[in-house]
Number of protein chains: 2
Amino acid sequence: MPTARAQLVAAAFELFETEGYDATTVDSIAARAGVGRTTFFRAFKSKDEVVFPDHTRLLAGMQERLESGVGDPQARALDAALFVIRQFLAEGDLAVHRYRLTSTVPALRDRELAMMSRYQRVLGRFFLAEVTGEALAAELLASAWVTVHNHVLRDWMRGRTSTPEKDLTVGLDEALTALSRPAHEEQSIVVFRTSRPLDVVLPGLQTLLGEPVGPRKVPRRR
Amino acid sequence: MPTARAQLVAAAFELFETEGYDATTVDSIAARAGVGRTTFFRAFKSKDEVVFPDHTRLLAGMQERLESGVGDPQARALDAALFVIRQFLAEGDLAVHRYRLTSTVPALRDRELAMMSRYQRVLGRFFLAEVTGEALAAELLASAWVTVHNHVLRDWMRGRTSTPEKDLTVGLDEALTALSRPAHEEQSIVVFRTSRPLDVVLPGLQTLLGEPVGPRKVPRRR
DNA sequence: ACCCTGACGGTACTCCGTACCGTTCTACAG
DNA sequence: CTGTAGAACGGTACGGAGTACCGTCAGGGT
């Protein structure tokens, strides 16, 4: 026989989908799970908590990845993101059902936002300590982390991607590197003098740049 | 005699600060304001709403700024941010009292997060339509907007800055331009052929670049 | 003078969340 | 096998948020 907690989760999801979240009472969930109302509130602090995964465990796992100390900070942030999203991916259908609920019921939407902000706080402290000393920059990195994670997860739950881990990796890389560069970057214009003929220099330059591209037309200014 | 709504707000803030949020009942707020309990729920949809400003008005004003059509999208986003933060700055002490409450009471913290997410959704749609076609990029811009705004506002409420509007302007500019550039930017290496002597070309190039800098030493590669 | 509209106050109800208490099940020592 | 300590469970009672409904009253137009 499964644990009372699992019974309650199953009963809750069934009732929420058939009757709607607001229309189902905690009593009915407990009754369907075959336990008392008191047992429900012992397993979950509130009615909405039954929908969400164990965030304390997730937060602890994430923090562990962040503090693991292997790799540069950005790699650890990516590692932590992959850890978190894998927990959701492993849930399979359950995550999709939860998504339907959270996008429908305002109370659950708010609850989820509160959870995400806890992740963001932890990440903010991490980035502040490991990457930058500026509070605003750290908060921007943290919010970008959360945004990318949520976007990829939502894409996956809507069936819009089948490679969530790859999407998360490239999305996070782009966002974090874009944010950790100064806003107004300097461009370089260098002039060399040489006695070697250009016919010799240019092919060498091309191989140096990696991409064997020929000369491009300069885009005409509008 | 002031409106019933204002009376209720004043009574609520007094009681929340003296008795604490959870300990004060809606009945006591209404009694102190000299109105009935029903009147409270006619003015505010819930107990926590009495703490926050009129978000529907703020959202409408923000959206108006975004759709005003003057200036490029980034300038409009900045205009909207300035509009929002000025509403809070105009509140003066009230904003500070609210900050003390929201940073203490979890229920109010969650409520505020839910509000911010509504702003973020509106901004996401704006950036998606006006700046980029990619959903993730738009969401990143929106979350950065919110993060910068909240950071500056928090700084001001803690007395850590006296120039919030300027902070918001430069912070938003840096964040948005950093995010709207591709992460792995291409560098340009261009070669021209000319018959004019370099002694003529180089001074013209220097004035073209604005900064009259002389030739720099190329940094030696490590 | 009449009615209509809108704001107000009061009552009753549902349900969430908490505190408390008695009961039952289980593990473990004697 | 038995007694017992401790944890898990179920039931009851209560406070308070939020909703629905109804009666009252003031003001404004015809």
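All heavy atoms count here, side chains included; hydrogens, waters and symmetry mates do not. Every value quoted in this text rests on a predicted model; they were computed, and no experiment measured them.
- The interatomic distance linking B:Arg5 (CZ) with C:dG6 (C1') rounds to 18 Å, in whole Å.
- With 3.5 Å as the limit, one finds a donor-acceptor pair spanning the side chains of A:Thr56 and A:Asp54.
- Under the 3.5 Å distance criterion, with hydrogens and angles disregarded, no donor-acceptor pair is assigned to the side chains of B:Asp155 and B:Thr161.
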Verdict with reasoning, A:Arg86 to A:Glu91, per salt bridge (charged side-chain N to carboxylate O under 4.0 Å, His left out): CA-CA 9 Å; A:Arg86 282 193 191 116; A:Glu91 286 183 331; over 6 Å; no

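- Residues passing the side-chain hydrogen bond (donor to acceptor under 3.5 Å, both in side chains) test with A:Ser46 are A:Asp48, sequence neighbours excluded.
- For B:Gln7 and C:dG9, the CD to P distance is 11 Å, given to the nearest whole Å.
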Nucleotides 11-27 of chain C: protein proximity per nucleotide (B base, S sugar-phosphate only, - neither; heavy atom, under 4.0 Å): -B--SBBB---------

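- Using a 4.5 Å cut-off on side-chain heavy atoms (C-beta onward), B:Glu49 and B:His55 make no contact.
- For the pair B:Lys47 and B:Tyr21, the cation sits on the ring face: its NZ or CZ lies under 6.0 Å from the ring centre, inside 45° of the axis.
- As rounded to whole Å, 15 Å separates atom P of D:dA17 from atom CD of B:Glu49.
- Look at CZ on A:Phe44: it is 12 Å from P on D:dC9, rounded to the nearest Å.
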